[in-house]
Amino acid sequence: LPHEPLHEQLIKLRMIKQPAEIKAIQGAVDITRAGIDQVRAKMAAGMYEYELEAELDYAFKRAASRHGFLPPIMAAGKNTTILHYQANRARLKKDDILLMDIGAEVANYSADISRTYKVVGAFTEREQAVYDSVMSVHQATMKMLRPGLHWRELAVNVDTLMGEQLMKLGLISENTRAAVRRYFPHAIGHSLGLDVHDACDYKILQENMVVTVEPGIYIPEEGIGIRVEDDVLITQNGAKNLSADIPYA
Ligand code: GLY
Ligand code: MN
Ligand code: MN
């Protein structure tokens with residue numbers, strides 16, 4: 001046999017999911033949903049972020065699961081604008097929003113889900129406007145996903161749409177990549193599987209890949225950070241959102 005680099009074959013094996021792998025990820029998503037339900041049932045002003053983390057621990061362990069590859073992000077108020085916030089030790093105020101980025105695990109496959117909710121009552125007008133912008137990019141991204149789409153094309157199209165939203169929100173004055181990065185400083189998604197950012201060649205989307213869709217807008221000067229993250233299966237003609245049942249608001 002000729003010498004072939006093994007890592008290329010391993011990348012392919014890991015980025016295209018078998019039915020059993022998709023089932024494991026769906027299982028992890030479903031347990032994550034139970035955790036989010038538990039957090040929402042308990043969250044109240046005056047609690048600490050780590051108390052909500054404890055509720056999540058409880059729900060996951062009751063389901064014979066645990067946190068996947070990433071420590072849970074449980075961020076309230078201005079902490080929502082800190083990308084990899086993991087201290088989880090601030091106290092929730094009644095006007096806060098809460099951003100959680102979490103994932104349970106099944107058979108070494110983990111979910112990677114973000115939701116942003118108001119701790120008490122409804123979003124302010126401004127928070128709602130930012131939320132709507134994030135969701136409009138989310139929905140447009142879901143429509144774009146299909147086998148054959150280049151990751152690079154996806155990234156460029158998402159940046160354009162995100163830039164339009166950031167202009168509408170009055171945050172930037174020209175729709176350039178540099179301007180968009182100021183408020184959306186991460187990728188729209190990544191391969192998900194045995195690792196949170198799973199092995200992938202990041203060239204062309206293919207059927208049976210599982211990827212995240214995670215638009216976010218972070219405005220430190222206003223203390224508002226909103227991210228919505230779903231886990232999505234690339235199908236023959238498009239994409240299936242595996243976490244669509246987890247409430248968005
Ligand atoms: N929290 C890391 C990610 O969502 O990719
Ligand atoms: Mn995440
Ligand atoms: Mn992610």
Side-chain angles (χ1 to χ4, degrees), residues 14-15 17 21-22 24-36 39-40 49-50 52-53 56-57 59-60 65-76 79-88 97-106 108-117 131 134-135 137-139 141-142 144-145 151 154-155 158-159 162 180-181 183-202 205 209-218 220 225-234 239-248:
R14 285 182 58 174
M15 75 181 193
K17 267 62 181 180
E21 297 178 285
I22 295 165
I25 295 170
Q26 182 70 68
V29 166
D30 294 345
I31 296 171
T32 303
R33 193 235 154 101
I36 289 174
V39 168
R40 293 189 86 197
E49 291 161 341
Y50 54 72
L52 297 180
E53 186 182 333
L56 202 59
D57 286 345
F60 286 2
S65 181
R66 52 185 181 162
H67 300 287
F69 8 74
L70 283 177
I73 295 173
M74 196 65 78
N79 295 334
T80 57
T81 64
I82 303 171
L83 216 50
H84 293 289
Y85 180 75
Q86 280 159 8
N88 300 354
I97 52 175
L98 177 79
L99 189 164
M100 47 186 142
D101 185 345
I102 59 172
E105 170 186 285
V106 168
N108 296 313
Y109 290 81
S110 171
D112 182 12
I113 303 284
S114 301
R115 287 291 186 272
T116 308
Y117 302 117
Y131 194 88
V134 169
M135 285 311 290
V137 173
H138 183 287
Q139 280 151 19
T141 304
M142 285 300 300
M144 278 182 232
L145 296 180
W151 279 97
L154 173 66
V158 166
D159 277 356
M162 186 61 94
V180 169
R181 284 282 84 74
Y183 295 97
F184 172 47
H186 59 73
I188 186 62
H190 53 82
S191 176
L192 179 71
L194 283 172
D195 206 346
V196 66
H197 299 155
D198 204 24
C200 186
D201 60 11
Y202 289 103
L205 289 171
M209 286 175 59
V210 175
V211 304
T212 65
V213 170
E214 51 179 307
I217 296 175
Y218 314 90
I226 291 175
R227 174 164 68 254
V228 171
E229 176 172 25
D230 281 301
D231 300 340
V232 174
L233 174 68
I234 305 300
K240 181 186 176 209
N241 186 345
L242 302 177
S243 45
D245 288 347
I246 303 178
Y248 288 98

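Just so you know, ligand 1 is whichever comes first in the structure, and atom 1 is the first atom listed for that ligand. One is the number of the first residue; the rest follow in order along the sequence.
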Check: Phe184 main-chain N/O paired with Arg181 side-chain donor or acceptor under 3.5 Å: yes

Glu214: which N/O/S atom is nearest the Mn ion (ligand 3)? OE2

Look at atom 1 (N) of ligand 1 and say which protein heavy atom is nearest, naming residue and atom and giving the distance to 0.1 Å. Asp101 OD2, 2.9 Å

List ligand 1 atoms under 4.0 Å from Glu229, heavy atoms only on the residue side. 4 (O)

Does any N or O of ligand 1 fall below 3.5 Å from an N or O anywhere on Asp112, backbone included? yes

Note: Asp101-Arg227 ion pair, threshold 4.0 Å (strictly below): yes

Considering only N, O or S atoms, which atom of Asp112 is nearest to the Mn ion (ligand 3)? OD2

Quick one: which ligand 1 atoms are inside 4.0 Å of a heavy atom on Glu214? 3 (C), 4 (O), 5 (O)

So is Val196 in contact with ligand 1, going by heavy-atom distances below 4.0 Å? no

Out of the N/O/S atoms in Glu229, what is the name of the one closest to the Mn ion (ligand 2)? OE1

Using the six-membered ring of Tyr117, assess whether NZ or CZ of Arg40 lies under 6.0 Å from its centre and within 45 degrees of the ring axis. yes

Whether Thr141 side chain and Val137 backbone form a donor-acceptor pair below 3.5 Å: yes

Should His197 be counted as touching ligand 1, given the test is an N or O pair under 3.5 Å? yes

Which atoms form the tightest heavy-atom contact between Met142 and Ala239, and what is the distance? CE-CB, 4.3 Å

Does His186 reach ligand 1, in the sense of a heavy atom lying below 4.0 Å from it? no

Metal site the Mn ion (ligand 2): N/O/S of Asp101 inside 2.8 Å: yes

Verify whether one side chain among Ser243 and Asn241 offers a donor that lies under 3.5 Å from an acceptor in the other. yes

Testing Arg33, Lys240, Arg115 for salt bridge (Lys or Arg N to Asp or Glu O under 4.0 Å) with Asp230, which one passes? Arg115

Determine whether a donor-acceptor pair (N or O, by modelled atom type, separation under 3.5 Å) exists between the side chain of Thr81 and the backbone of Tyr218. no

Does ligand 1 have a heavy atom under 4.0 Å from the side chain of Leu70, from its backbone, from both, or from neither? side chain

The Mn ion (ligand 3) contact by His190, N, O or S atom under 2.8 Å: yes

Residue pair Glu214 / His190, side-chain donor-acceptor N/O under 3.5 Å: yes

